[in-house]
Trainee: 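Before I ask anything, here is the structure I am working with.
Residues take their numbers from the sequence shown, with the count starting at 1. Note that these values count all heavy atoms, side chains included, but never hydrogens, waters or copies made by symmetry.
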Amino acid sequence: MNDTQFTLLRHGLPELSGCLLGRTNPPLTAKGWQQMEQSSASLEFDLIISSPLARCHAYAQHLAQKRDCKLIVDDAWQELDFGNWDGNSIATLWDDSQQGYGQYWHAPFVHTPPNGESTSDLLSRITTSIECLSREYRGKRLLIVSHSGVMRMALVWLLNSTQEGNPHLSRVQLEHAALLHFNTYIDEADTLWPQLQGLNNPSVYLNSLMDN
């Protein structure tokens, strides 16, 4: 088989959730663990790949042990490095026009966080990893535990979106523990073809139950 099945699972609610979390590394909250348990309960996979950041890796390690499944920790799937903004309050960044956060939000492919990673570089490292994994694990089902920025970039690639406007930050709603499903197929000419299979956000109803 030339098909490789990808499921991307966003981490659950972390501590410091009101802050811009790129490489800042808080753990999951208890609610975050519950969200990920709920989203992963019915998933089937042959291999888990995880961002090294604690809000992804801790649950990925737990799930790998629970399912007796191999786990690979891969830097390619960590969140964007927000540089000087990383770990700061999002509300404060918005309020301080000198920071330039608003400009970045509206045109992330044009503006880069100060001393941070460009959106183009984020897109490049993700798509490079997808191609490598597609070739190495043909016929396998891969679960990738990652971040909202990473998942949005995967959607940009899947939909062949232009890098104009704001495909990165706000056009796609991704709740904590959201799931993105896609397949890749390598044809006889050794060309890789992706196909979006689905996007699932945890329901508002179930999230509200966990708040009680």
Trainee: Does L8 belong to the same Ile/Leu/Val/Met/Phe/Trp/Tyr cluster as L159, with side-chain heavy atoms less than 4.5 Å apart forming each link?
Mentor: yes
Trainee: Just by distance, do the side chain of R125 and the backbone of Q78 share a donor-acceptor pair under 3.5 Å?
Mentor: yes
Trainee: Tell me the closest heavy-atom pair linking L143 and F45, and the distance in Å.
Mentor: CD2-CE2, 3.7 Å
Trainee: Between R141 and E44, does any side-chain N to carboxylate O distance fall below 4.0 Å?
Mentor: yes
Trainee: Checking S134 against T184: is there a side-chain donor and acceptor pair closer than 3.5 Å?
Mentor: yes
Trainee: Would you find a donor on one side and an acceptor on the other, under 3.5 Å apart, between the side chain of Q197 and the backbone of F182?
Mentor: no
Trainee: Judged by modelled atom types alone, do S118 and D121 share a side-chain donor-acceptor pair under 3.5 Å?
Mentor: yes
Trainee: Show the nearest heavy-atom pair for residues Q35 and A177, with the distance to one decimal.
Mentor: O-CB, 3.5 Å
Trainee: Has the side chain of T127 got a donor or acceptor atom that lies under 3.5 Å from a matching backbone atom of S124?
Mentor: yes
Trainee: Should R10 and E79 count as an ion pair when the cut-off is N to O under 4.0 Å?
Mentor: no
Trainee: Should D190 and R135 count as an ion pair when the cut-off is N to O under 4.0 Å?
Mentor: yes
Trainee: Considering only NZ, NE, NH1 and NH2 on the basic side and carboxylate oxygens on the acidic side, decide whether R55 and E15 come within less than 4.0 Å.
Mentor: no
Trainee: Pick one: which of S51, S129, S146 meets side-chain hydrogen bond (donor to acceptor under 3.5 Å, both in side chains) with W77?
Mentor: S129
Trainee: Before giving the answer on side-chain hydrogen bond (donor to acceptor under 3.5 Å, both in side chains), spell out for N183 and D3 the whole-Å C-alpha distance, their side-chain angles and the decisive distance to 0.1 Å.
Mentor: CA-CA 6 Å; N183 292 353; D3 284 286; 4.7 Å; no
Trainee: Taking all atoms of both residues into account, what is the closest heavy-atom pair of L9 and M36, and its distance?
Mentor: CD2-CE, 3.8 Å
Trainee: Go through S50 and D74 one step at a time and tell me if the side-chain contact (heavy atoms from CB on, under 4.5 Å) criterion holds.
Mentor: CA-CA 6 Å; S50 177; D74 189 345; over 6 Å; no
Trainee: State whether the side chain of N25 and the backbone N or O of A54 hold a donor-acceptor pair below 3.5 Å, judged by distance alone.
Mentor: yes
